[in-house]
Amino acid sequence: MKALSVFAAALALIFTASANAYVLTEKFVTEHYGVYEAILGKTEIYNDNLEQIMIKDMTARKKFQTTTIVFNYSSKGLSSTIKEPAVSVITTEQYNNTIPATVNISKDNRYATYSGIFVTQKQLSEMANNKTMQPYLLELSKVPLVLSDLEVQSVSRNFENKLFITNDIKGAVFDIQLIDSIFYTKEKMNDLNSNCKINVLFITDRATDNYPFMFAGHGALNDMKCTKGK
């Protein structure tokens, strides 16, 4: 199966915590969003204390949302593929600096396939239909996204028999070529239909900047829940 590369083409800025051995690298960063890679030191042990230090490091950056994928010392991190095992996935959300950041830690889905800013379909729709938030939706098109609860409106294939799903919510359309998955075979992905909701790592290839918005790109299927068959 063809692996979806999550290698960042942009220049990465590297930071090392002074009292800790882990190396934190900016992989995809905009003014308000950031996806980071943390590689543990050779003898460093990931524990609750280190986890809190990383969270403090993330929230200090004053981003609306961040995702940090933590890898062991020997890992290739996000320079590898979506199949790369991770130690933890840490996300922070803080759209209002007057209240503490919301922090979520996942130690279950520990793979590079979750290396994106986490956004639900409801959030996407709210951003698309709020003029104040629309610039941030466009900013999100510049970083990988982990889209969840995404309703599949249609499933199609192009002339090369490549699989596409389309999500048409109020204010925005997402046209996604599903090119990989570490959880599902291609045969299982063929079961996708309009009765399904999915979680997908999505990378925007093209986007419009006028309402209603259009986002076209490619991604990896992380989860699918279908109430009925085809």
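Sequential numbering from 1 along the given sequence is applied to the chain's residues. Computed from a prediction, not measured in an experiment: that's the story for all the values here.
- In this structure, the side chain of Ser181 engages the main chain of Phe183 through a donor-acceptor pair within 3.5 Å.
- In terms of modelled atom types and a separation under 3.5 Å, the side chain of Ser115 and the main chain of Ala112 share a donor-acceptor contact.
- Across all their heavy atoms, Val119 and Gln123 have their closest contact at CA-OE1, 3.4 Å.
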Could you go step by step and tell me if Leu147 and Gln121 meet the side-chain contact (heavy atoms from CB on, under 4.5 Å) rule?
CA-CA 7 Å; Leu147 304 178; Gln121 175 175 293; over 6 Å; no

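- A salt bridge links Lys107 to Glu51: one of the charged nitrogens lies within less than 4.0 Å of a carboxylate oxygen.
- Side chain to side chain, Asp223 and Tyr184 meet the donor-acceptor criterion of an N or O pair below 3.5 Å.
- When all heavy atoms of Leu163 and Met189 are compared, the pair lying nearest together is CD2-O, 3.9 Å.
- The minimum heavy-atom distance between Asp168 and Gln153, with the atom names listed, is N-OE1, 2.6 Å.
- Ala128 and Phe213 get closest at one heavy-atom pair: O-CE1, 3.7 Å.
- Listed here is the closest heavy atom pair of Ala86 and Ile69: CB-CG2, 3.6 Å.
- Side chains of Glu84 and Ser75: a donor-acceptor N/O pair is present below 3.5 angstrom, by distance only.
- The cluster map of Ile, Leu, Val, Met, Phe, Trp and Tyr, joined by side-chain heavy atoms under 4.5 Å apart, puts Met133 and Phe174 in the same cluster.
- A side-chain N or O of Thr166 and one of Asp175 form a donor-acceptor pair less than 3.5 Å apart.
- Note on ring orientation: taking the six-membered ring where Trp is involved, the planes of Phe118 and Tyr114 are parallel (angle under 30°, cut-offs 30° and 60°).
- Side-chain N or O atoms of Ser125 include none that pairs as donor or acceptor with a backbone N or O of Lys122 at under 3.5 Å.
- Aromatic ring orientation, Phe64 versus Tyr33: perpendicular (interplanar angle above 60°, classes split at 30° and 60°).
- Under 3.5 Å, the side chains of Asn195 and Asn193 contain a donor-acceptor pair of N or O atoms.
- Asn222 and Thr113 are linked by a side-chain donor-acceptor pair at a separation below 3.5 angstrom, with hydrogens and angles left out of the test.
- A donor-acceptor contact under 3.5 angstrom links the side chains of Thr92 and Thr66, judged on distance only.
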Evaluate salt bridge (Lys or Arg N to Asp or Glu O under 4.0 Å) for Lys76 paired with Glu37, printing each intermediate quantity in order.
CA-CA 10 Å; Lys76 293 181 180 179; Glu37 166 198 272; over 6 Å; no

Could you check Asn130 against Met127 for side-chain contact (heavy atoms from CB on, under 4.5 Å), going step by step and ending with a plain yes or no?
CA-CA 5 Å; Asn130 184 319; Met127 295 177 80; over 6 Å; no

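- A donor-acceptor contact shorter than 3.5 Å links the side chain of Glu44 to the backbone of Tyr22.
- Although no hydrogens or angles enter the test, the distance criterion places no donor-acceptor pair under 3.5 Å between the side chain of Thr67 and the main chain of Val35.
- Atom-to-atom distance recorded for Lys63:NZ and Ile117:CD1 is 9.5 Å, nearest 0.5 angstrom.
- Of all non-hydrogen atoms in Val200 and Ala220, the two that sit nearest each other are CG2-O, 3.1 Å.
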